[in-house]
Protein chains: 2
Amino acid sequence: MNDERRKFKREPAEARKEALILATLELVAENGVRGATVRAIAERADVTQGLIRHYFSSKEELIIAAYEHHMTAMTDETFAPAAGADGTALQRLTAFVNASLTPPVVDPRSIALWASFLNKVQQDPQMKATHERTYAYFRDRLEVLIAAALKEAGRPAPAARLRRLAIACNAVIDGLWLEGGALPDAFGPGELVEIGRHSVAAITGLNLEQEAEKK
Amino acid sequence: MNDERRKFKREPAEARKEALILATLELVAENGVRGATVRAIAERADVTQGLIRHYFSSKEELIIAAYEHHMTAMTDETFAPAAGADGTALQRLTAFVNASLTPPVVDPRSIALWASFLNKVQQDPQMKATHERTYAYFRDRLEVLIAAALKEAGRPAPAARLRRLAIACNAVIDGLWLEGGALPDAFGPGELVEIGRHSVAAITGLNLEQEAEKK
DNA sequence: CGCGTAATTATGCAAGTGTATAATTTCCCC
DNA sequence: GGGGAAATTATACACTTGCATAATTACGCG
């Protein structure tokens with residue numbers, strides 16, 4: 001009896017773990033955390049459900065791993081374009097605003113994921129910690145960018161004012177991110193970035209428009 | 001056998017419906033839409049599960065009713081303080097910003113509800129329509145307030161610019177609302193409103209601070 | 001080549017899910 | 001106060017859920 005066809009293939013542990021996490025993220029975005037059932041995840045990853053238990057001791061653990069994977073991916077996508085330390089501080093700030101308000105950061109799926117995880121984030125301490133850390137990381141980096149750009153323009157600001165500016169700019173970006181992702185058809189192409197740059201410029205008193213054109 | 005104790009009490013249809021909706025909102029905020037099970041809702045409303053089917057032909061219908069109840073309550077809470085048509089346009093705009101960034105509008109439960117419903121909103125056409133209508137209502141009212149305040153200040157703006165200003169101001173408010181509700185401990189009391197007023201002022205070029213002090 | 005270990009599948013289970021239907025109980029009206 | 005219709009409870013059912021445990025299968029290593 002030659003069974004030419006293998007019934008399954010062994011994969012490296014890390015690859016399989018990541019495949020399971022990606023399948024989980026897809027389903028969480030589509031149906032929420034409770035809607036992402038173990039069986040559905042297994043099917044999406046072309047695997048039987050028992051295998052999940054082999055890599056994650058519980059669904060809870062898989063969900064937490066998926067959340068951290070998503071948050072890491074989001075920060076990477078946001079900061080990659082502004083990571084090149086070249087250019088003026090103003091240019092880097094502009095690049096940051098641009099990246100935050102264009103795909104793949106602005107994306108219905110990304111917003112859906114964020115929303116689906118929120119409940120768990122508010123309850124599970126570990127997920128809560130990840131959330132707060134990510135938020136602080138975003139805002140701090142934005143604050144550093146703003147501080148550098150203001151200093152560059154010859155108008156350095158005290159810490160208290162910098163904090164308020166960073167919170168405000170972060171809020172505009174978050175709000176536009178949210179609305180752009182939740183109502184993708186409500187805005188023209190490039191409209192979000194333009195409004196974002198304009199708003200950050202108005203709040204900080206910096207001229208981001210000029211930078212955008214130069215590019 | 002005198003059973004002095006009634007086994008249940010008949011309630012007016014509307015009162016019972018509302019009680020069921022309120023119980024549903026509590027549980028949706030706590031555990032998400034799928035976590036708000038029919039049995040849990042019934043228990044929270046001090047009722048047996050069969051009664052839900054008597055008032056709502058399915059769980060889906062109850063969820064939709066609860067969503068619309070929540071959205072209506074949110075808009076009412078936001079616009080009530082600015083509803084009094086007295087005072088200058090600038091005062092009304094300031095009142096709107098204040099109301100949007102203080103409890104009960106800013107509230108972890110409110111954000112949790114918004115997030116829990118998002119998945120369904122993206123899929124169910126009826127809920128999607130409600131969502132878009134509410135968003136448009138908010139932004140339009142904000143745009144009217146801004147237009148009036150600008151005109152009052154002797155600096156009327158064309159429609160295209162008004163649209164962009166409204167989107168931007170709405171985004172700051174939404175972003176602050178989100179962050180204030182998702183991380184209640186990250187901001188001092190009154191900090192959100194202050195940053196909100198300051199940002200709207202910077203974006204529109206109007207002086208909302210003065211108005212806030214006068215009050 | 002075969003052997004053993006770990007990856008993977010197969011099967012089962014108890015609890016929870018929405019919904020349907022029948023059995024009670026309340027309370028208005030004459 | 002006693003019918004009777006409507007509100008409410010009680011019970012049942014088919015299906016899904018996460019998890020556990022046993023049975024297979026792949027494949028590196030001697």
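Order of the sequence lines fixes the chain letters, A, B, ..., with proteins taken first and strands second; residue numbering starts at 1 for each chain. In what follows, every heavy atom counts, from backbone to side chain, and hydrogens, waters and symmetry copies are set aside.
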task: List for me each residue that meets salt bridge (Lys or Arg N to Asp or Glu O under 4.0 Å) alongside A/E179, sequence neighbours excluded, and say none if there are none.
output: none
message: Whole angstroms only, please: what is the CD-P distance between A/E11 and C/dT9?
response: 11 Å
task: With sequence neighbours left out, write down each residue that passes side-chain hydrogen bond (donor to acceptor under 3.5 Å, both in side chains) with B/R163, or none if nothing qualifies.
output: A/E191
- prompt: Which residues satisfy the side-chain hydrogen bond (donor to acceptor under 3.5 Å, both in side chains) test with A/R16, sequence neighbours excluded?
  reply: none
task: Give a yes or no on whether a salt bridge exists between A/R44 and A/E30, defined as a side-chain N under 4.0 angstrom from a carboxylate O.
output: yes
Residues, nucleotides or ligands: over 12 heavy atoms within 6.0 Å of B/E43 CD: no
- prompt: Considering residues at least two apart in sequence or located in another chain, which fulfil the ring-ring contact (aromatic ring centres under 6.0 Å, His included) criterion with B/Y137?
  reply: B/F79
statement: For B/Y55, the ring-ring contact (aromatic ring centres under 6.0 Å, His included) test, sequence neighbours excluded, returns none
message: For DNA chain D, which residues of residues 46-54 of chain B approach it to below 4.0 angstrom with any heavy atom?
response: B/V47, B/T48, B/Q49, B/G50, B/L51, B/H54
query: For DNA chain C, which residues in residues 31-45 of chain A have a heavy atom at a distance below 4.0 Å?
result: A/R39
query: For A/K9 and D/dC27, what is the distance between atoms NZ and P respectively, to the nearest whole Å?
result: 8 Å
message: Under 4.0 Å from OP1 or OP2 of D/dT8: is there any side-chain N or O of B/R16 that close?
response: yes
statement: What residues 17-28 of chain A contributes to the DNA chain D interface at heavy-atom separation below 4.0 Å is none
- prompt: In whole Å, what is the span from the CZ atom of A/F56 to the P atom of D/dG18?
  reply: 15 Å
- request: Under the side-chain hydrogen bond (donor to acceptor under 3.5 Å, both in side chains) rule, collect the residues that match up with A/R164, sequence neighbours excluded.
  value: none
- prompt: Which atoms form the tightest heavy-atom contact between A/L206 and A/A149, and what is the distance?
  reply: CD1-CB, 3.6 Å
- prompt: Is the distance from OP1 or OP2 of C/dT25 to the nearest side-chain N or O of B/K7 less than 4.0 Å?
  reply: yes
task: Evaluate the salt bridge (charged side-chain N to carboxylate O under 4.0 Å, His left out) criterion for residues B/E61 and B/R53: first the C-alpha distance (whole Å), next the side-chain angles of each, then the deciding distance (0.1 Å), finally the verdict.
output: CA-CA 10 Å; B/E61 190 179 308; B/R53 270 279 287 174; over 6 Å; no
- line: So salt bridge (charged side-chain N to carboxylate O under 4.0 Å, His left out) across residues 118-136 of chain B, not counting sequence neighbours, yields B/E60-B/K120
- request: Please assess A/W114 against A/Y67 for the test side chain to side chain contact (heavy atoms under 4.5 Å, CB included), listing each intermediate value before the final yes or no.
  value: CA-CA 9 Å; A/W114 186 90; A/Y67 178 63; over 6 Å; no
query: What is the nucleic acid contact for B/Y55, judged by heavy atoms within less than 4.0 Å: base, sugar-phosphate only, or nothing?
result: sugar-phosphate
- prompt: How many Å lie between CZ on A/F8 and P on C/dT9, as a whole number?
  reply: 6 Å
task: Can you sort out the partners of B/K59 under side-chain hydrogen bond (donor to acceptor under 3.5 Å, both in side chains), two or more places apart, ordered by chain and number?
output: none
- request: Could you list by number each residue of residues 59-66 of chain A showing a heavy-atom separation from DNA chain D of less than 4.0 Å, or answer none if no residue does?
  value: A/K59
